[in-house]
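Structure first, then comments.
It should be emphasised that the depicted structure is a prediction, and the values quoted were computed from it without experimental measurement. Below, read A as the first sequence line, B as the second, and so on, with proteins coming before strands; counting in each chain starts at 1.
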Amino acid sequence: MPELPEVEIVVRELRLTLIGKTFSGLNVYWQRSFRAQTEDTLINRKISRITRKGKYIILNLDRGCLIIHLRMTGQLFSGESENYNGHKHLRIKISFKDHSPLYFIDQRKFGRIYHVDDSGEILKNVGVDAVADELSGKGFIALLNRSKMAVKAFLLCQKYVSGMGNIYTDECLFRCGIHPLSRCENIPDLKKAELYLTIQEILKSAILNMGTTISDYRDTYGNQGQNQKFLKIYDCDGLPCSVCGSIIKKEKIAGRGTHICPVCQKIY
DNA sequence: AGCAAGACCTGTTAGC
DNA sequence: TGCTAACAGGTCTTGC
Ligand SMILES: [Zn+2]
């Protein structure tokens, strides 16, 4: 469910509610949702800093860190407004010394919370964050030049650039007129630069719109995003393309449902 | 190297 | 109406 913009919203909210808090309790209701990869205990650890890399949320503690990935249906609720005890999909409840809770709700059980000494092992195969300052247009073009992969698979795999998921990949490729099966290295340089700028623009405006809610996504207060109102290709199969009027089609590419305008998007 | 398919899960919807 | 198959914002692993 959540891609970079949705995770960024969650991270910004967690910074306001969790920084400085000390753990007092941990209840795990679905064992596989929680992985302790350290001998240390969470109780009495204090949250100092909260960061994000791609779709990973990193709670830096006074010793070690807690890394959270929401995968398809994971949700974090601060529990300020509502009580989620007994919720059908409650997998983990974290309590703090000030008695405030953090609930991890996850219908499909794909999400994970890891307690580790160091984030290095989990993040070692995750590429540079798509909206990080370290990723320049030049750097992005250099990555594409080194790959013979289909561009959709390249953007989804997280190894080179992290944070893009199925929605934003389809949106960015459509807006650039690039077919998802195009080989990265074959895309013209001008189009590679356009793709970089489009990714920045689409992801950053989705953050301003508080993320995309198709069905499950909510922020930590339970609010839906607004960005779904601005999607031009994702979930638009059967509708006319906003640019040329052709009927938008859907096919399976890189293992995912992929939305394409058969006229606007060229295969390179 | 790159790709496809299956696994991990539960719930909703489309089609017969 | 009721059953079944397909599908869903994501990784992982395995095997060609
Ligand atoms: Zn079109």
Side-chain angles (χ1 to χ4, degrees), chain A residues 1-11 29-35 52-57 67-76 87-92 104-114 121-127 130 143-174 180-186 199 202-203 206-207 209-219 224-238 249-259:
Chain A
M1 153 182 66
E3 305 181 28
L4 185 153
E6 293 75 36
V7 177
E8 176 63 18
I9 294 298
V10 168
V11 162
Y29 304 103
W30 180 255
Q31 216 50 49
R32 304 176 71 164
S33 298
F34 190 84
R35 301 273 169 91
R52 180 184 61 72
K53 185 175 190 187
K55 300 168 197 168
Y56 286 88
I57 299 165
I67 302 183
I68 304 170
H69 199 303
L70 303 171
R71 295 282 185 96
M72 293 291 261
T73 53
Q75 300 172 314
L76 290 172
H87 187 289
K88 190 178 181 187
H89 305 307
L90 178 62
R91 309 303 178 201
I92 295 170
F104 177 63
I105 300 216
D106 186 17
Q107 182 202 112
R108 291 178 71 183
K109 301 175 173 171
F110 292 163
R112 294 284 178 269
I113 299 184
Y114 307 90
E121 183 62 23
I122 288 174
L123 301 179
K124 69 171 193 252
N125 292 320
V126 179
L143 290 172
L144 288 175
N145 286 339
R146 272 184 259 137
S147 174
K148 296 184 200 305
M149 287 172 78
V151 64
K152 172 147 181 170
F154 174 92
L155 293 172
L156 284 180
C157 80
Q158 312 297 309
K159 184 178 167 192
Y160 307 102
V161 175
S162 63
M164 304 276 293
N166 207 28
I167 296 179
Y168 298 107
T169 298
D170 278 8
E171 288 295 318
C172 291
L173 292 174
F174 167 67
L181 283 176
S182 301
R183 304 278 128 191
C184 293
E185 61 172 7
N186 294 343
I199 288 170
I202 292 284
L203 294 179
I207 293 169
N209 292 324
M210 300 297 283
T212 299
T213 297
I214 300 286
S215 59
D216 298 302
Y217 171 70
R218 299 290 186 280
D219 72 4
Q224 303 197 15
Q226 300 301 318
N227 195 252
Q228 60 280 7
K229 295 171 185 163
F230 307 101
L231 299 178
K232 299 248 187 290
I233 197 90
Y234 185 86
D235 218 13
C236 295
D237 43 310
K249 61 176 182 170
K250 184 176 181 184
E251 58 184 270
K252 193 170 165 181
I253 292 177
R256 314 295 299 278
T258 301
H259 310 77

Open item on the list: Closer than 4.0 angstrom, basic N to acidic O: yes or no for A:E8 and A:R52?
Closed with: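 Here A:E8 pairs with A:R52 in a salt bridge, since their nearest N and O are under 4.0 Å apart.
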TODO: Give a yes or no on whether a salt bridge exists between A:D170 and A:K152, defined as a side-chain N under 4.0 angstrom from a carboxylate O.
DONE: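 A salt bridge is present here (some side-chain N lies under 4.0 Å from a carboxylate O).
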- [ ] Hunt down the Watson-Crick or G-U wobble partner of C:dA6, both distances under 3.5 Å, from any strand shown, or write none.
- [x] B:dT12
Open item on the list: Any strand counts, and the cut-off is 3.5 Å on both contacts for Watson-Crick or G-U wobble. Which nucleotide pairs with B:dA1?
Closed with: none
How would you label the contact of [X] with the nucleic acid (heavy atoms, under 4.0 Å): base, sugar-phosphate, or nothing?
X: A:D106; value: nothing
X: A:T73; value: nothing
X: A:G255; value: nothing
X: A:Q158; value: sugar-phosphate

In whole Å, what is the span from the [atom1] atom of [X] to the [atom2] atom of [N]?
X: A:L156; N: C:dT11; atom1: CG; atom2: P; answer: 8 Å
X: A:M149; N: B:dA4; atom1: CE; atom2: P; answer: 10 Å
X: A:K148; N: B:dG2; atom1: NZ; atom2: P; answer: 8 Å
X: A:D237; N: C:dA6; atom1: CG; atom2: P; answer: 17 Å
X: A:E251; N: B:dA4; atom1: CD; atom2: C1'; answer: 15 Å
X: A:R146; N: B:dG2; atom1: CZ; atom2: P; answer: 12 Å
X: A:Y56; N: C:dG10; atom1: OH; atom2: C1'; answer: 9 Å
X: A:I57; N: C:dG10; atom1: CD1; atom2: P; answer: 14 Å

- [ ] Could you go through the side chain to side chain contact (heavy atoms under 4.5 Å, CB included) check for A:I57 and A:I67 one step at a time?
- [x] CA-CA 6 Å; A:I57 299 165; A:I67 302 183; over 6 Å; no
Task: B:dC9 versus C:dT13 - spacing of their P atoms, nearest Å - done: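 The answer is 15 Å between these two P atoms.
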Task: Inter-nucleotide C1' distance (C:dA6, B:dA5), Å rounded - done: 16 Å
Task: A:R183, nearest nucleotide to its side chain (from B:dC3, C:dC12, C:dC7) - done: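 When the side chain of A:R183 is considered, B:dC3 is the closest of B:dC3, C:dC12, C:dC7.
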Task: Aromatic plane relationship, A:Y160 with A:F154 - under 30° parallel, 30 to 60° tilted, over 60° perpendicular - done: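 Parallel.
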Task: nucleotides 7-13 of chain B: protein proximity per nucleotide (B base, S sugar-phosphate only, - neither; heavy atom, under 4.0 Å) - done: -BBBS--
Open item on the list: Between A:V151 and A:L181, does the side chain to side chain contact (heavy atoms under 4.5 Å, CB included) criterion hold? Intermediate values first, please.
Closed with: CA-CA 6 Å; A:V151 64; A:L181 283 176; over 6 Å; no
Task: Nearest-0.5 Å distance, OG of residue A:S33 to NE2 of residue A:H69 - done: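 Here the interatomic distance stands at 13.5 Å.
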Task: Donor-acceptor pair, side chain of A:Q158 and main chain of A:M164, under 3.5 angstrom - done: yes
Task: Sole residue of A:I202, A:L155, A:L203, A:I233 in side-chain contact (heavy atoms from CB on, under 4.5 Å) with A:C172 - done: A:I202
Task: Residue met sooner reading DNA chain B from 5', once A:I253 and A:K159 are mapped to nucleotides - done: A:K159
Open item on the list: Is A:K250 close enough to C:dA8 that one of its side-chain N or O atoms is under 4.0 Å from OP1 or OP2 there?
Closed with: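 True: A:K250 side-chain N/O within range (under 4.0 Å) of C:dA8 OP1/OP2.
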